[in-house]
Amino acid sequence: MLKIPSHQVAGHHASSATRGPLIDDSGRFYKPLQGDERGSAEVTFYDQFTSNTQIPDHIRKFFPIYYGTKVMQASDGSEHPHIVLEDLTTHRENPTIMDIKIGSRTWGPDASNAYIEKCMKRDRETTTVKLGFRISGLQIYINEGVGYYKPTRDLVLKSSVDDVRLFFKKFVSSDPNVESGMGPDRDLASVVYGGPNGILAQLLELKAWFEDQTIYHFSACSLLFMFEKGLVLEGGSPNAQVKIIDFAHVTEDVTV
Ligand SMILES: Nc1ncnc2c1ncn2[C@@H]1O[C@H](COP(=O)(O)OP(=O)(O)OP(=O)(O)O)[C@@H](O)[C@H]1O
Ligand SMILES: O=P(O)(O)O[C@@H]1[C@H](O)[C@H](O)[C@@H](OP(=O)(O)O)[C@H](OP(=O)(O)O)[C@H]1O
């Protein structure tokens with residue numbers, strides 16, 4: 001059965017009036033193609049990337065598995081093509097997730113002037129220009145009784161540099177009152193961000209490939225940071241994972 005993903009933290013959301021991602025019980029994530037060139041650009045990327053034998057396995061694992069496209073009933077009831085992906089949260093119990101749009105420039109090489117202007121405005125209004133990234137959305141698991149702390153899109157997007165710093169602390173805080181903003185502890189930082197399997201180690205692995213590869217221009221992609229706070233608090237492994245998503249503005253470099 002198709003349903004609206006409960007762990008989506010950013011982007012276009014599904015409702016009976018708007019098209020947005022859907023998931024099913026078999027662990028697939030259906031992203032409706034955006035009507036303009038963004039949808040076809042993302043399909044082109046996934047088609048190319050999936051069949052590209054130059055992508056090493058240790059890098060491929062950072063990208064969602066792609067199962068092609070499918071015309072199906074969208075959340076708003078219309079028949080619409082969707083990109084079919086692996087649902088990255090399907091095996092998770094209570095995921096703590098952050099979506100970070102990376103890059104100090106959020107448009108691709110072929111963007112129109114009007115689109116560049118739109119992006120520049122948003123990049124200046126958020127931390128993109130100052131930090132080279134912005135948080136697009138997040139959810140932090142608190143406990144069974146409370147559920148999740150999931151700040152609104154508006155609150156996240158108007159974050160200052162200091163607010164972003166605070167979100168990164170809250171993300172790895174063991175304090176159940178993270179939303180009170182009273183200076184959260186960073187109790188889980190060393191196991192989630194640090195260590196051989198932590199988020200930082202995974203980012204460095206991805207970064208090394210980005211510095212070396214000349215196949216694609218990656219623009220306006222997001223990194224998803226995910227881990228299981230509930231398990232860490234019980235003394236288990238955080239199962240920290242970095243994934244990269246959103247390829248609507250990625251182009252292949254045809255000059256190489
Ligand atoms: N394969 C996936 N599995 C699980 N969740 C996903 C997957 N892809 C995306 N998401 C969720 O959906 C959100 C939006 O994804 P994405 O950025 O691809 O959509 P978008 O509508 O193009 O976003 P934007 O408007 O920011 O460009 C992500 O923040 C994440 O929570
Ligand atoms: O960061 P925010 O505030 O969530 O803003 C959205 C974000 O910049 C998306 O990347 C963009 O889609 P594209 O990157 O695909 O253009 C979307 O445009 P849209 O609303 O025109 O879809 C914006 O609303």
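Bear in mind the structure is a predicted one, so any value in this text is a computation, not a measurement.
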Chemist: Could you grab the distance from atom CD1 of I97 to atom CG of N94, nearest 0.5 Å is fine?
Modeler: 10.5 Å
Chemist: State plainly whether one hydrophobic cluster holds both F62 and V9, where clusters connect Ile, Leu, Val, Met, Phe, Trp and Tyr through side-chain heavy atoms under 4.5 angstrom apart.
Modeler: no
Chemist: Decide yes or no on side-chain hydrogen bond (donor to acceptor under 3.5 Å, both in side chains) for N239 and S237, but give the supporting numbers first.
Modeler: CA-CA 5 Å; N239 192 6; S237 155; 5.7 Å; no
Chemist: Taking the ring of Y216 and the ring of F45, is the distance between their centroids below 6.0 Å?
Modeler: yes
Chemist: So K31 and D246, do their side chains get closer than 4.5 Å, heavy atoms only?
Modeler: yes
Chemist: With distance as the sole test, does T44 use its side chain to make a donor-acceptor pair with the main-chain N or O of S40 at under 3.5 Å?
Modeler: yes
Chemist: For E79, I'd like to know if atom CD has over 12 heavy atoms of other residues, nucleotides or ligands within 6.0 Å.
Modeler: yes
Chemist: For the hydrophobic clusters of this structure (ILVMFWY residues joined by side-chain heavy atoms under 4.5 Å, transitively), does one cluster hold both L200 and L224?
Modeler: no
Chemist: Between the side chains of D123 and R134, is the shortest nitrogen-to-carboxylate-oxygen separation below 4.0 Å, so that they form an ion pair?
Modeler: yes
Chemist: Find the distance between CD (E211) and CG (L206) and round it off to the nearest 0.5 Å.
Modeler: 10.5 Å
Chemist: Can you establish whether the number of heavy atoms outside N113 located under 6.0 Å from its atom CG is more than 12?
Modeler: no
Chemist: Any salt bridge between D163 and K170, counting N to O under 4.0 Å?
Modeler: no
Chemist: Give a yes or no on whether a salt bridge exists between E125 and K158, defined as a side-chain N under 4.0 angstrom from a carboxylate O.
Modeler: no
Chemist: Looking at R28 and D87, is there a salt bridge between them, counting it only when a charged N and a carboxylate O are closer than 4.0 Å?
Modeler: no
Chemist: Does E234 reach the main-chain N or O of K229 with its side chain, forming a donor-acceptor pair under 3.5 Å?
Modeler: no
Chemist: Okay, side chain of T126, backbone of R122: is any donor-acceptor separation there less than 3.5 Å?
Modeler: yes
Chemist: Would you confirm whether S104, through its side chain, and V129, through its main-chain N or O, come within 3.5 Å as a donor-acceptor pair?
Modeler: no
Chemist: Do R19 and H12 pass the side chain to side chain contact (heavy atoms under 4.5 Å, CB included) test, and can you show the C-alpha distance, the side-chain angles, and the key distance before you say yes or no?
Modeler: CA-CA 8 Å; R19 272 200 296 263; H12 303 87; over 6 Å; no
Chemist: Carefully, step by step, assess V172 and V232 under the rule side chain to side chain contact (heavy atoms under 4.5 Å, CB included).
Modeler: CA-CA 10 Å; V172 292; V232 197; over 6 Å; no
Chemist: In terms of side-chain heavy atoms, does S222 have a donor or acceptor partner in D99 at a distance below 3.5 Å?
Modeler: yes
Chemist: Counting distance only, does the side-chain N/O of D24 pair as donor-acceptor with the main-chain N or O of G27 below 3.5 Å?
Modeler: yes
Chemist: Is it the case that atom CZ in R105 sees more than 12 heavy atoms from other parts of the structure closer than 6.0 Å?
Modeler: yes
Chemist: Any heavy-atom pair between the side chains of P176 and V146 that's under 4.5 Å?
Modeler: no
Chemist: When you group the ILVMFWY residues by side-chain heavy-atom contacts below 4.5 Å and let the links chain together, are F210 and L131 in the same group?
Modeler: yes
Chemist: Looking at F49, is R60 sitting on its ring face, NZ or CZ under 6.0 Å from the six-membered ring centre and within 45 degrees of the normal?
Modeler: yes
Chemist: Y141 and L233: same hydrophobic cluster, using ILVMFWY side-chain contacts below 4.5 Å?
Modeler: no
Chemist: Walk me through whether I215 and Q54 qualify under side chain to side chain contact (heavy atoms under 4.5 Å, CB included).
Modeler: CA-CA 9 Å; I215 311 168; Q54 289 171 272; 4.1 Å; yes
Chemist: So, taking the atom named CH2 in W107 and the one named CD in E117, what distance separates them when rounded to the nearest 0.5 Å?
Modeler: 10.5 Å
Chemist: How far does CG of L2 sit from CD1 of I23, to the nearest 0.5 angstrom?
Modeler: 9.0 Å
Chemist: Are I100 and M98 packed together at the side-chain level, in the sense that at least one heavy-atom pair is separated by less than 4.5 angstrom?
Modeler: yes
Chemist: Do T106 and T128 make a side-chain contact, defined as non-hydrogen atoms from C-beta onward lying under 4.5 Å apart?
Modeler: yes
Chemist: Would one find more than 12 heavy atoms of other residues, nucleotides or ligands at under 6.0 Å from atom NZ of K61?
Modeler: yes
Chemist: If I take atom CG from residue L88 and atom CD1 from residue I245, how far apart are they, to the nearest 0.5 angstrom?
Modeler: 7.5 Å
Chemist: Evaluate the side-chain proximity of M120 to R124: yes if any heavy-atom separation is below 4.5 Å, no if none is.
Modeler: yes
Chemist: Whether the side chain of T152 engages the backbone of L155 through a donor-acceptor N/O pair (distance < 3.5 Å, no angle test) should be reported.
Modeler: yes
Chemist: Could you pull out the closest heavy-atom pair between Q34 and A248, with the gap in Å?
Modeler: OE1-CB, 4.2 Å
Chemist: Would you name the heavy atoms of V164 and S159 that are closest together and state the gap between them?
Modeler: CG2-CB, 4.0 Å
Chemist: Cut-off 3.5 Å, side chains only: do S160 and D162 have a donor facing an acceptor?
Modeler: no
Chemist: Look at the aromatic rings of F247 and Y46 and report parallel, tilted or perpendicular, splitting at 30° and 60°.
Modeler: perpendicular
Chemist: Looking at every heavy atom in both Y30 and M72, which two are closest together, and how far apart are they?
Modeler: CD2-SD, 3.3 Å
Chemist: Work out which heavy atom in F133 is nearest to a heavy atom in I102; give both atom names and the distance.
Modeler: CB-CA, 4.2 Å
Chemist: Might you work through the salt bridge (charged side-chain N to carboxylate O under 4.0 Å, His left out) test for D25 and K3, ending with a clear yes or no?
Modeler: CA-CA 9 Å; D25 297 329; K3 53 188 183 231; 3.1 Å; yes
Chemist: Under 4.5 Å between side-chain heavy atoms, counting indirect links through other Ile/Leu/Val/Met/Phe/Trp/Tyr residues: same cluster for L33 and I4 or not?
Modeler: no
Chemist: Can you name the nearest heavy-atom pair linking E205 to H58, along with the distance?
Modeler: OE2-CD2, 3.2 Å
Chemist: Within the structure provided, determine whether Y66 and E86 are in side-chain contact (heavy-atom separation under 4.5 Å).
Modeler: no
Chemist: Just by distance, do the side chain of T251 and the backbone of D110 share a donor-acceptor pair under 3.5 Å?
Modeler: no
Chemist: How about S173 and L188: do any of their side-chain heavy atoms sit closer than 4.5 Å?
Modeler: no
Chemist: Do the side chains of R38 and E42 get close enough for a salt bridge, i.e. N-O under 4.0 angstrom?
Modeler: no
Chemist: Would you say CD of E252 has more than 12 non-hydrogen atoms from neighbouring residues, nucleotides or ligands within 6.0 angstrom?
Modeler: yes
Chemist: Centroid separation under 6.0 Å, is that true for the rings of H249 and F218?
Modeler: no
Chemist: Does a donor on one side chain sit under 3.5 Å from an acceptor on the other, for S15 and D76?
Modeler: no
Chemist: Without hydrogens or angle criteria, can the side chains of Q241 and R92 be said to hold a donor-acceptor pair below 3.5 Å?
Modeler: yes
Chemist: Within this structure, what is the OG1-OH distance for the pair T96 and Y148, rounded to the nearest 0.5 Å?
Modeler: 7.0 Å
Chemist: For I135 versus V156, what's the shortest heavy-atom pair and its separation?
Modeler: O-CG1, 3.2 Å
Chemist: Does any part of the side chain of Q8, heavy atoms only, come nearer than 4.5 Å to the side chain of T89, both counted from C-beta?
Modeler: no
